[in-house]
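Working notes for the structure below.
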Protein chains: 2
Amino acid sequence: MSARDALLDAYQSLLLTEGQRATTLTAVAAEAGVSKGGLLYHFASKEALAEGLLERLDELLGEDLAEMASAADGPSRYYVRTSVWTGGALDRAFVAVSQLAQEAHAGAREAMNRARRRWLDLIREEVGEEVTAQAILLLGDGLYFDAALSGGTDPEREDVFSAMDLLPIVDRLLAAARA
Amino acid sequence: MSARDALLDAYQSLLLTEGQRATTLTAVAAEAGVSKGGLLYHFASKEALAEGLLERLDELLGEDLAEMASAADGPSRYYVRTSVWTGGALDRAFVAVSQLAQEAHAGAREAMNRARRRWLDLIREEVGEEVTAQAILLLGDGLYFDAALSGGTDPEREDVFSAMDLLPIVDRLLAAARA
DNA sequence: GTCTATAATTGGATAGAC
DNA sequence: GTCTATCCAATTATAGAC
């Protein structure tokens, strides 16, 4: 793995588990096992780190949308399935960027809205009804909210959501929308 | 309004619209129209501000749960209705605290989980089924996530969620759970 | 490509005047 | 109860050695 990727991983991981305030250049460098100077060779500023993360999100999102569009069980089920926290690459990038968005980072807000709009487009296409599509999008948002709150990792949680349990709910919404 | 409340409002408002990083003592004092020294007379530290906000949330949550439990249209509909962003006092406090929770603030995480557990309890009582209750909670979480992303205020948004539209979805879930 | 040293600025907090 | 002045630590970023 390139040093650049390792630094981006460290940045993302700290955002996820410690939040913005604790995600300092010193902390990122330490997490990645390099010095601050080393970090700044690859990313000339903190903003450059943010932009790197946004690029990564867009890349992962492209792959995700392709899979979602051609998912055997349909986009809606795919979306809810994959919104349950599994610690996957896209999940991690998405929740990390959501932290930036909450700091009023314009680029991050655009990226988040872009992602959610495209997910919603695929869901709407399948469901055929706007409000049901919104509800399914919101279910996924809720799962991301939950992940963001617990820092993406909280092994002591008792009330974890399970994809297996939630999918029948999605089926009900789909069936009702078609009826 | 007491100076204390004005400072707490300023703190909450900055958390909501600017995020953690921008919510400095200087910024809070300026927003409230006092000096840093003035602020620190009422709240001896930044942590004291956070604790003040948590107290406010617990207070508002108590009122909300009482209303939710006795809502004419039932707890589930009440919950989704009131999770749509209206800029109400509880909404604002909840989303502001969610920002603290994302900074791994232990007290904030506990408060959030406490709130969500109690909301879920009331919903489960009405619905009678665990997974449907979870889905309704997630719908509300999704609405909060959306609010948190846009800083609670983004008049230029085109894709705003409406309580009127979403309530039929809740009705479907309730009906299906009872069938 | 990575490090150390350091500059410049900001943030949280204290002391003491009014 | 509010303000100004000030201190110290932390943070971003630069310069230059290796």
Side-chain angles (χ1 to χ4, degrees), chain A residues 1-56 96-97 99-109 151, chain B residues 1-56 96-97 99-109 151:
Chain A
M1 182 167 57
S2 73
R4 212 187 123 90
D5 278 338
L7 283 161
L8 217 45
D9 279 352
Y11 175 63
Q12 175 180 272
S13 177
L14 282 170
L15 270 182
L16 217 53
T17 57
E18 309 294 334
Q20 302 265 317
R21 202 146 212 135
T23 305
T24 64
L25 294 184
T26 309
V28 171
E31 174 87 6
V34 299
S35 70
K36 225 191 298 193
L39 190 169
L40 287 160
Y41 170 77
H42 293 284
F43 296 94
S45 70
K46 206 176 187 197
E47 177 58 22
L49 272 170
E51 277 161 26
L53 186 57
L54 291 182
E55 273 175 41
R56 172 184 279 192
V97 169
Q99 303 266 358
L100 294 181
Q102 279 157 8
E103 296 296 312
H105 188 292
R109 288 194 171 176
Chain B
M1 183 167 56
S2 72
R4 212 188 122 90
D5 278 338
L7 283 163
L8 217 44
D9 279 352
Y11 175 63
Q12 175 180 272
S13 177
L14 282 170
L15 271 182
L16 216 53
T17 58
E18 309 294 333
Q20 301 266 313
R21 201 148 209 134
T23 305
T24 63
L25 293 184
T26 309
V28 172
E31 175 86 8
V34 299
S35 70
K36 222 193 300 196
L39 191 171
L40 286 161
Y41 170 78
H42 294 284
F43 296 94
S45 70
K46 206 177 186 194
E47 176 58 22
L49 272 170
E51 277 160 26
L53 186 57
L54 291 182
E55 273 174 41
R56 173 184 279 193
V97 169
Q99 305 266 1
L100 294 180
Q102 278 157 8
E103 297 295 312
H105 187 292
R109 288 195 170 175

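Every chain is numbered from 1 and lettered A, B, ... according to where its sequence line falls, protein lines coming before strand lines. Because the structure is predicted, anything quoted here is derived from the model rather than measured.
- What separates NZ of Lys36(A) from P of dT12(D) is a distance of 7 Å, to the nearest Å.
- The nucleotide whose nearest atom lies closest to any side-chain atom of Lys46(A) is, among dG12(C), dT12(D), dC3(D), dT12(D).
- Taking atom CG of residue Leu39(A) and atom P of nucleotide dT4(C), one finds them 14 Å apart after rounding to whole Å.
- When distances are taken from the side chain of Ser45(B) to each of dT12(D), dA13(C), dT14(D), the shortest belongs to dA13(C).
- Defined by atom type and a distance below 3.5 Å, a donor-acceptor pair is present between the side-chain atoms of His105(A) and Glu47(A).
- Nearer the 5' end of DNA chain C, as judged by each residue's closest nucleotide, is the contact made by Val34(A), out of Val34(A) and Arg21(A).
- Contact of the Val34(B) side chain with the Tyr41(B) side chain is not registered, since no non-hydrogen atoms from C-beta on lie closer than 4.5 Å.
- In this structure, Leu49(A) CG and His42(A) NE2 are separated by 11.0 Å, a value rounded to the nearest 0.5 Å.
- Computed from coordinates, the Leu7(A) CG to dG1(C) C1' distance equals 12 Å when rounded to whole Å.
- Here dC3(C) is the nucleotide among dC3(C), dT12(D), dG1(C) with the atom lying nearest to any side-chain atom of Ser35(A).
- The separation between Leu49(B) atom CG and dA13(C) atom P is 9 Å, rounded to whole Å.
- The shortest distance between the side-chain N/O atoms of Tyr41(A) and the OP1/OP2 oxygens of dG1(C) is below 4.0 Å.
- Atom P of nucleotide dG1(C) and atom NE2 of His42(A) are separated by 7 Å, given to the nearest angstrom.
- Summary of the strand contacts: Leu40(A) and Ala22(A) both lie near DNA chain D, and taking for each the nucleotide with the nearest heavy atom, the more 5' one is attributed to Ala22(A).
- The side chain of Leu25(A) has dA13(D) as its nearest neighbour among dT2(D), dT11(D), dA13(D).
- Between Glu47(A) atom CD and dT11(D) atom P there is a gap of 19 Å when expressed in whole angstrom units.
- Using a 4.5 Å heavy-atom threshold, the side chains of Leu15(B) and Gln20(B) count as touching.
- Nucleic acid contact for Thr24(B): sugar-phosphate only, since backbone atoms but no base atoms lie under 4.0 Å from a heavy atom of the residue.
- Two residues are said to be in side-chain contact when any heavy atoms from C-beta on lie closer than 4.5 Å; Leu100(A) and Arg109(A) fail this criterion.
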